[in-house]
Amino acid sequence: MSNDKPLRVSKAPFKPVSGGARSGPDGDQPTRPTAKPPRWAYWQRIKSAAPWKLAALSLGIEPASIDADDAATFPAAATFGRFNLITEAIKRRFGAADRHGVSLAEFVAWADSISLALPPELRAPAAATDGRPRDR
């Protein structure tokens with residue numbers, strides 16, 4: 001004796017949930033999100049960070065606004081490619097398994113040694129953590 005009653009389905013009109021896939025102005029071309037600028041007030045208090053976060057910051061991108069494994073979260077495919085190159089270079093230089101992250105001061109010194117352009121805001125916290133005066 002099972003309860004074999006027919007399933008009842010609501011006849012209410014279907015309304016799609018908002019927040020789905022992004023689309024362009026014509027509705028068929030996906031658009032890339034605008035990467036957010038870093039929250040420098042936060043990052044100026046941080047002494048070390050994961051290699052991928054330092055790579056994002058070096059490009060002027062807030063790490064929390066991207067998915068490091070998803071090119072669609074970057075403003076352009078070229079930016080994603082550069083992000084990956086910088087991340088791998090940081091891992092090779094400082095080691096990928098460092099659980100405490102890479103020192104911001106050491107990263108800035110290394111970036112200078114290879115002529116990697118950095119946002120000035122990224123230099124300010126490094127200068128504060130290694131005793132050098134801050135540039136304004």
Side-chain angles (χ1 to χ4, degrees):
M1 294 189 179
S2 66
N3 192 2
D4 292 335
K5 293 183 180 178
L7 182 62
R8 296 182 99 183
V9 179
S10 172
K11 301 288 183 189
F14 175 77
K15 181 178 179 185
V17 177
S18 64
R22 292 180 287 271
S23 63
D26 56 0
D28 62 353
Q29 294 292 329
T31 59
R32 292 186 179 269
T34 302
K36 295 180 182 173
R39 298 171 296 146
W40 293 118
Y42 170 78
W43 290 106
Q44 288 174 347
R45 297 189 314 260
I46 301 300
K47 293 183 180 179
S48 64
W52 74 270
K53 290 181 181 181
L54 292 174
L57 292 169
S58 75
L59 295 170
I61 297 172
E62 170 60 43
S65 72
I66 58 168
D67 178 342
D69 299 318
D70 185 0
T73 64
F74 286 78
T79 306
F80 181 65
R82 184 157 171 78
F83 166 81
N84 282 319
L85 289 173
I86 295 170
T87 300
E88 288 307 312
I90 295 169
K91 287 178 180 179
R92 280 193 304 264
R93 170 59 182 90
F94 296 101
D98 186 356
R99 293 180 184 213
H100 300 290
V102 175
S103 160
L104 190 59
E106 289 178 23
F107 168 71
V108 170
W110 171 74
D112 286 344
S113 76
I114 64 165
S115 300
L116 178 65
L118 297 176
E121 298 88 349
L122 187 54
R123 294 181 178 287
T129 60
D130 70 0
R132 293 183 295 167
R134 290 179 127 173
D135 293 333
R136 298 236 178 210

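Residue numbers run from 1 in the order of the sequence given.
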Undergrad: Just so I know, are the side chains of Leu104 and Ile46 near enough to count as touching, which here means a heavy-atom distance under 4.5 Å?
TA: no
Undergrad: When you compare the side chain of Phe83 with that of Ile61, does any pair of heavy atoms fall below 4.5 Å?
TA: no
Undergrad: Which residue pairs pass the salt bridge (charged side-chain N to carboxylate O under 4.0 Å, His left out) test when at least one of the two sits in residues 66-77, sequence neighbours left out?
TA: none
Undergrad: Where do Ala49 and Leu54 come nearest, in terms of heavy atoms and distance?
TA: O-CD1, 3.8 Å
Undergrad: Taking all atoms of both residues into account, what is the closest heavy-atom pair of Pro63 and Ala56, and its distance?
TA: CG-CB, 4.0 Å
Undergrad: What are the two closest non-hydrogen atoms of Trp110 and Ala89, and how far apart are they?
TA: CH2-CB, 3.8 Å
Undergrad: Quick one: side chain to side chain contact (heavy atoms under 4.5 Å, CB included) partners of Ser48, sequence neighbours excluded?
TA: none
Undergrad: First locate atom CH2 of Trp52, then atom CG of Asn84, and finally report the distance between them rounded to the nearest 0.5 Å.
TA: 12.0 Å
Undergrad: Among all residues two or more places apart in sequence or in another chain, which pass the side chain to side chain contact (heavy atoms under 4.5 Å, CB included) test with Pro37?
TA: none
Undergrad: Evaluate the side-chain contact (heavy atoms from CB on, under 4.5 Å) criterion for residues Leu122 and Trp43: first the C-alpha distance (whole Å), next the side-chain angles of each, then the deciding distance (0.1 Å), finally the verdict.
TA: CA-CA 8 Å; Leu122 187 54; Trp43 290 106; 6.0 Å; no
Undergrad: By the salt bridge (charged side-chain N to carboxylate O under 4.0 Å, His left out) test, which pairs, at least two apart or in different chains, include something from residues 76-93?
TA: Glu88-Lys91
Undergrad: Run the salt bridge (Lys or Arg N to Asp or Glu O under 4.0 Å) test against Glu106 and tell me which residues pass, sequence neighbours left out.
TA: none
Undergrad: Mind jotting down which residue pairs meet the salt bridge (charged side-chain N to carboxylate O under 4.0 Å, His left out) criterion with at least one end in residues 49-63? Sequence neighbours excluded, please.
TA: Arg39-Glu62
Undergrad: Out of curiosity, Leu59 CG to Leu118 CG, how far, rounded to the nearest 0.5 Å?
TA: 9.5 Å
Undergrad: Is the closest side-chain heavy-atom distance between Pro51 and Val102 below 4.5 Å?
TA: yes
